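Working notes, structure below.
Hydrogens, waters and symmetry mates are skipped; everything else that's a heavy atom, side chains included, is used. All figures in this text were calculated on a predicted structure; none of them were measured in a lab. Reminder, nothing fancy here: chain letters follow the sequence lines and each chain counts from 1.
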Protein chains: 2
Amino acid sequence: MHMKEVSGARCTTRTLRDRLEELVLTGAFAPGARLEETALAERFGVSRTPVREALAQLGEAGLVVIRPRRGAVVAALTPRRLIEMFEVMAELEAMCARHAARRAGGRSLAAIRRTHELCASAARTGDVDAYYYENEAFHEAIRAASRQDFLVEQAGALQRRLRAHRRHQLRARDRIAASLAEHDAIVAAIEAADGEAAAAAMRGHVAVQGARFADMLAALDPDAAAEAAVSDAAV
Amino acid sequence: MHMKEVSGARCTTRTLRDRLEELVLTGAFAPGARLEETALAERFGVSRTPVREALAQLGEAGLVVIRPRRGAVVAALTPRRLIEMFEVMAELEAMCARHAARRAGGRSLAAIRRTHELCASAARTGDVDAYYYENEAFHEAIRAASRQDFLVEQAGALQRRLRAHRRHQLRARDRIAASLAEHDAIVAAIEAADGEAAAAAMRGHVAVQGARFADMLAALDPDAAAEAAVSDAAV
DNA sequence: GTCAATCATTCTGTATGCAGAAGTCCAAAA
DNA sequence: TTTTGGACTTCTGCATACAGAATGATTGAC
């Protein structure tokens with residue numbers, strides 16, 4: 001039985017949604033764990049109504065699976081599914097980069113260059129956490145530069161779901177240096193207004209994260225990695 | 001004041017969500033129209049609780065906009081946003097086609113060919129509605145053949161949001177014949193296992209729908225079309 | 001006559017209660 | 001010992017009630 005949360009401010013549906021999202025994404029709630037409304041309501045000091053609403057929203061976002069009359073459980077991301085998500089993410093971000101290259105104005109370009117510089121600084125000092133945040137800002141800047149509202153929303157939603165996993169693979173050896181070099185190529189293509197080059201560079205940049213992730217799984221869990229590898233060979 | 005819905009079976013959250021989705025997508029609820037919980041609860045003979053839940057889900061799906069303390073309104077799709085949505089859809093379906101070309105097995109290929117034949121039949125008889133449905137089945141078959149569960153889900157969700165608008169543009173002159181020819185190219189590329197060709201063909205096929213839509217808007221509403229045209233020129 | 005402030009109405013957000021369904025556990029029989 | 005049946009517990013899903021906020025109208029002042 002969990003203790004009632006004493007820290008944290010007033011809990012309403014919106015904040016509750018964010019808190020739960022954080023707990024799921026950080027892995028505080030393990031995949032497959034049951035999320036009981038009563039327990040959560042007790043823990044956060046609210047009634048079941050806002051808990052239900054928050055869970056429903058997380059369900060729509062795909063973080064939890066809600067089966068009618070059978071409760072909510074944290075969505076179990078299979079390695080294969082995660083790789084598929086990275087693949088879609090790569091394509092969405094490639095679209096953003098393509099549009100950014102074709103349409104980025106002075107302000108947008110400046111924002112991209114600035115975040116890129118911050119990434120470089122973090123890379124020089126070897127600060128993984130700092131690089132993680134600046135990397136997020138860099139991608140965000142490119143997405144914003146695309147000026148495609150709907151695309152930005154879609155990419156942002158998927159980004160939030162992958163955030164926790166992106167962080168992990170940054171810790172791989174030499175990954176930060178490689179990432180920064182890829183950022184360089186992306187920025188160059190955008191500055192050259194070469195949409196296709198920017199898209200290709202971005203696609204590769206994100207896709208390699210999925211590949212890295214598969215490698216990591218291979219080191220941790222041969223079975224899961226084997227199942228994931230099937231994804232490229234099946235039928 | 002609306003009459004209470006007498007038709008239709010038992011209304012639970014799930015069915016209510018589908019009913020409301022249908023009403024929004026078909027335009028029965030005009031964009032910008034307020035969706036009052038009490039009125040909907042009365043109309044469908046349920047309490048406000050399931051109505052709230054259904055609206056929240058539609059909000060996550062993007063069909064309605066929920067502003068805290070200010071109620072829910074049907075999302076107003078600007079022409080520009082709709083075109084952006086078609087653009088993303090084109091990319092997602094292109095991904096599906098690429099994977100389908102590389103991985104489609106005998107069963108999947110047979111399903112694609114069969115739905116393609118049904119499209120051809122509908123085109124010969126000039127039955128727009130029939131072509132609409134068979135066209136949906138054709139795209140669905142290709143998505144399924146990609147064997148990418150997450151991608152299929154994402155594409156499916158977007159497809160539902162665009163469904164009503166896809167139907168309209170089929171009525172344009174000669175559009176069905178052109179559509180069928182494009183289907184031919186897509187099928188040929190998939191059968192040849194040429195992923196890039198399949199992706200390119202599919203991307204063009206879907207993208208032209210967005211373009212057609214812009215044309216239609218130009219005929220109906222010069223202002224809106226002008227705003228939409230800006231989307232390709234802006235900074 | 002116009003603008004602003006206040007009040008009333010309405011609607012949202014949350015709490016609680018109840019009925020029905022699903023899961024679980026135990027016991028009895030094969 | 002294993003399997004199946006049933007009862008019990010628990011949890012979900014919906015209905016209803018209440019408090020707070022937002023919107024609109026009305027009235028008063030300038």
Separation of atom CD in A/Gln57 from atom C1' in C/dG13, rounded to whole Å: 13 Å
A/His205 and A/His139 aromatic ring geometry - parallel, tilted or perpendicular at 30°/60° bounds: parallel
B/Pro50 side-chain proximity, nearest of D/dC14, D/dT12, C/dG13: D/dC14
Base C/dG23 to side chain A/Arg34, donor-acceptor N/O within 3.5 Å cut-off: no
Side chain to side chain contact (heavy atoms under 4.5 Å, CB included) partner of B/Glu84, chosen from A/Arg147, A/Gln148, A/Gln154, A/Glu153: A/Gln148
Side-chain N,O (B/Ser47) to OP1/OP2 (D/dA15) below 4.0 Å: yes
Rounded distance in Å - CD (A/Glu36) to P (D/dC11): 5 Å
Sugar-phosphate, base or nothing in reach of B/Glu53, heavy atoms under 4.0 Å: nothing
Whole angstrom value for the distance that separates P of D/dC14 from CD1 of A/Ile66: 12 Å
Proximity to the side chain of B/Arg70 - top-ranked nucleotide from C/dA15, D/dT23, C/dG13: D/dT23
Between P of D/dC14 and CD of B/Glu37, the distance in whole Å: 15 Å
Side-chain touch A/Gln159/A/Glu136, heavy atoms, less than 4.5 angstrom: yes
Atom of A/Ile66, atom of A/Gly59 and distance for their closest heavy-atom approach: CD1-CA, 4.3 Å
Any B/Thr38 side-chain nitrogen or oxygen under 4.0 Å from OP1 or OP2 of C/dT10: no
Spacing between B/Arg48 atom CZ and C/dT14 atom P, to the nearest angstrom: 11 Å
Any N/O donor-acceptor pair, B/Arg14 side-chain to D/dG13 base, under 3.5 Å: no
Sugar-phosphate only, base, or nothing, as touched by B/Leu55 at under 4.0 Å among non-hydrogen atoms: nothing
Candidates C/dT12, D/dC14, C/dT16 - which lies nearest the side chain of A/Thr49: C/dT16
A/Arg67 CZ to D/dC11 P, straight-line distance once rounded to whole Å: 16 Å
Of the listed nucleotides D/dC11, D/dG13, C/dT12, the one nearest the side chain of A/Arg52: D/dG13
Parallel, tilted or perpendicular: rings of A/His183 and A/Tyr131 (30°, 60°): parallel
